[in-house]
Student: 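Here you go, one structure.
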Amino acid sequence: MRLSYIIGVLAMLIAVTAAAQSPSGALYGIVPSGSKIQIEVFREGLLKTFGHDHLIEAKIFSGTVHFNADKVEESSLSLNIEAKSLTAIDPGEAEKDRRDVQATMVGAQVLDVESFPRITFRSTGVHLIKKAGTDWELTLTGKLNLHGVEKPISFPVRVRLDKTRLTAHGELFIAQTDFGIEPVKVAGGTVRVKDRIKLDFTIVAERNKS
């Protein structure tokens with residue numbers, strides 16, 4: 001048997017094996033300029049009328065989406081957020097109040113961004129709820145790493161495909177104490193933020209050309 005023939009057979013086997021191991025579907029890169037990630041923090045307590053809710057927005061984040069339209073269960077999401085980029089928007093509040101909220105949020109009392117610079121999410125499973133044309137309703141399961149603590153979470157997501165663009169919308173609630181964060185209290189606890197916070201997101205991702 002000639003050496004060239006053996007090499008050819010080996011090359012073919014390697015190609016077939018690689019194809020079998022490679023996930024089908026398309027890879028998308030998240031486009032931060034078209035995406036939005038916001039966190040709503042709510043007040044409670046006897047004197048909650050003297051406090052205010054907070055709206056926080058992530059300014060720096062990145063990630064990828066692998067989406068298999070034919071077998072959506074094989075899809076996945078990877079997201080990285082720079083913790084120091086979380087910014088207190090708080091519409092209607094004084095600039096000084098926003099600065100105070102910002103300083104508390106990124107400081108050691110809450111996020112401690114110097115010790116825990118990134119917030120990450122890695123999906124571990126996708127479950128199809130309903131499909132209509134190029135729209136999918138899914139349940140996404142994965143691991144959220146926040147404040148140095150990793151916890152499993154699950155939440156609904158709506159996905160739409162438009163040629164080379166993927167858009168995903170969703171919201172979820174998490175408890176700060178699950179991640180080792182003690183909700184902020186002032187005035188002896190008569191004004192405090194709720195343990196449960198809400199995350200809203202719209203993720204826009206463009207399909208990789210390669």
Side-chain angles (χ1 to χ4, degrees), residues 22-41 54-69 72-90 98 101-103 105-107 110-127 134-174 176 178-181 197-210:
S22 298
S24 55
L27 187 64
Y28 297 77
I30 292 176
V31 181
S33 60
S35 305
K36 181 174 288 188
I37 301 174
Q38 293 185 327
I39 303 168
E40 294 181 70
V41 182
H54 302 298
L55 180 63
I56 312 299
E57 189 169 300
K59 298 295 187 179
I60 303 175
F61 52 90
S62 61
T64 57
V65 179
H66 171 257
F67 193 76
N68 187 340
V72 72
E73 293 82 4
E74 294 182 353
S75 303
S76 62
L77 167 66
S78 174
L79 177 66
N80 305 297
I81 300 173
E82 297 296 324
K84 66 180 179 181
S85 79
L86 292 175
T87 304
I89 305 299
D90 288 0
R98 282 197 293 269
V101 171
Q102 181 74 26
M105 177 180 63
V106 301
V110 184
L111 291 177
D112 193 1
V113 300
E114 294 299 323
S115 300
F116 311 107
R118 289 183 183 82
I119 301 167
T120 64
F121 174 78
R122 302 286 183 270
S123 67
T124 56
V126 178
H127 178 66
T134 57
D135 292 358
W136 286 262
E137 291 185 19
L138 311 170
T139 297
L140 190 61
T141 301
K143 294 181 179 180
L144 176 64
N145 191 304
L146 168 64
H147 195 245
V149 178
E150 186 174 80
K151 293 282 186 178
I153 60 172
S154 182
F155 52 94
V157 181
R158 301 183 305 278
V159 174
R160 168 169 289 184
L161 284 183
D162 182 14
K163 295 181 180 179
T164 63
R165 172 167 290 195
L166 178 148
T167 304
H169 302 276
E171 64 178 43
L172 63 145
F173 291 86
I174 64 170
Q176 298 179 72
D178 284 348
F179 295 88
I181 300 173
I197 60 176
K198 180 183 178 183
L199 287 78
D200 291 279
F201 64 86
T202 297
I203 295 294
V204 175
E206 291 285 352
R207 189 168 63 194
N208 290 3
K209 294 180 180 180
S210 57

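All values below were derived from every heavy atom in this structure, side-chain atoms included, with hydrogens, water molecules and symmetry-related copies excluded.
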Student: Using the side-chain hydrogen bond (donor to acceptor under 3.5 Å, both in side chains) criterion, which residues pair with S62? Sequence neighbours excluded.
Tutor: none
Student: Working to the nearest 0.5 angstrom, can you tell me the gap between R98 CZ and L55 CG?
Tutor: 11.0 Å
Student: For V110 and M105, which heavy atoms make the closest approach, and how far apart are they?
Tutor: CB-O, 3.4 Å
Student: Looking at residues at least two apart in the chain, or sitting in another chain, which of them share a side-chain hydrogen bond (donor to acceptor under 3.5 Å, both in side chains) with H127?
Tutor: none
Student: What pairs meet the side chain to side chain donor-acceptor pair (under 3.5 Å) rule with one or both residues in residues 111-121, with sequence neighbours excluded?
Tutor: E82-R118, D112-S115
Student: Identify, with sequence neighbours excluded, every residue that meets side chain to side chain contact (heavy atoms under 4.5 Å, CB included) alongside S78.
Tutor: T64, R122
Student: Which atom pair, heavy atoms only, marks the closest approach of E171 to F155?
Tutor: O-CB, 4.0 Å
Student: Please list, chain by chain and in numerical order, all residues satisfying side-chain hydrogen bond (donor to acceptor under 3.5 Å, both in side chains) with T139, sequence neighbours excluded.
Tutor: none
Student: Find the distance between CG (D90) and CD1 (I56) and round it off to the nearest 0.5 Å.
Tutor: 5.5 Å
Student: Side chain to side chain contact (heavy atoms under 4.5 Å, CB included) with V106: which residues, sequence neighbours excluded?
Tutor: Q102, V113
Student: How long is the straight-line distance from CD of Q176 back to CG of D178, given to the nearest 0.5 Å?
Tutor: 10.0 Å
Student: According to ring pair (Phe, Tyr, Trp, His ring centres under 6.0 Å), who are the partners of F67, at least two apart in sequence or on a separate chain?
Tutor: W136
Student: Quick check: closest heavy atoms across S75 and N68, and the distance to 0.1 Å?
Tutor: OG-N, 2.9 Å
Student: Just wondering, do L166 and R207 contact through their side chains at under 4.5 Å, heavy atoms?
Tutor: no
Student: Can you sort out the partners of F179 under ring pair (Phe, Tyr, Trp, His ring centres under 6.0 Å), two or more places apart, ordered by chain and number?
Tutor: none
Student: Taking salt bridge (charged side-chain N to carboxylate O under 4.0 Å, His left out) as the cut-off, I'd like each qualifying pair that reaches into residues 142-162, sequence neighbours left out, listed once.
Tutor: D135-R160
Student: Considering only residues two or more places apart or on different chains, which pairs with a residue in residues 25-41 satisfy side chain to side chain donor-acceptor pair (under 3.5 Å)?
Tutor: Q38-E57
Student: Would you call L199 and I37 a side-chain contact if the rule is heavy atoms closer than 4.5 Å?
Tutor: no
Student: Might you point out which heavy atoms bring S85 and I60 nearest each other, and give the distance in Å?
Tutor: OG-N, 3.0 Å
Student: Show the nearest heavy-atom pair for residues V149 and G180, with the distance to one decimal.
Tutor: CG2-N, 4.5 Å
Student: What's the spacing between I119 CD1 and L86 CG if we round to 0.5 Å?
Tutor: 5.0 Å
Student: Can you name the side chain to side chain contact (heavy atoms under 4.5 Å, CB included) partners of S123, sequence neighbours left out?
Tutor: S76, L77, F121, L140
Student: Applying side chain to side chain contact (heavy atoms under 4.5 Å, CB included) to V157 and F201, what does each step give before you reach the verdict?
Tutor: CA-CA 10 Å; V157 181; F201 64 86; 4.0 Å; yes
Student: If every non-hydrogen atom of K59 is compared with every non-hydrogen atom of T87, which pair is closest and at what distance?
Tutor: CG-OG1, 3.5 Å
Student: Quick one, L111 and I181 - any side-chain contact, counting heavy atoms below 4.5 Å?
Tutor: yes
Student: Taking ring pair (Phe, Tyr, Trp, His ring centres under 6.0 Å) as the test, write out the residues that go with F116, two or more places apart.
Tutor: H147
Student: Enter the distance from I39:CD1 to I174:CD1 here, rounded to the nearest 0.5 Å.
Tutor: 7.0 Å
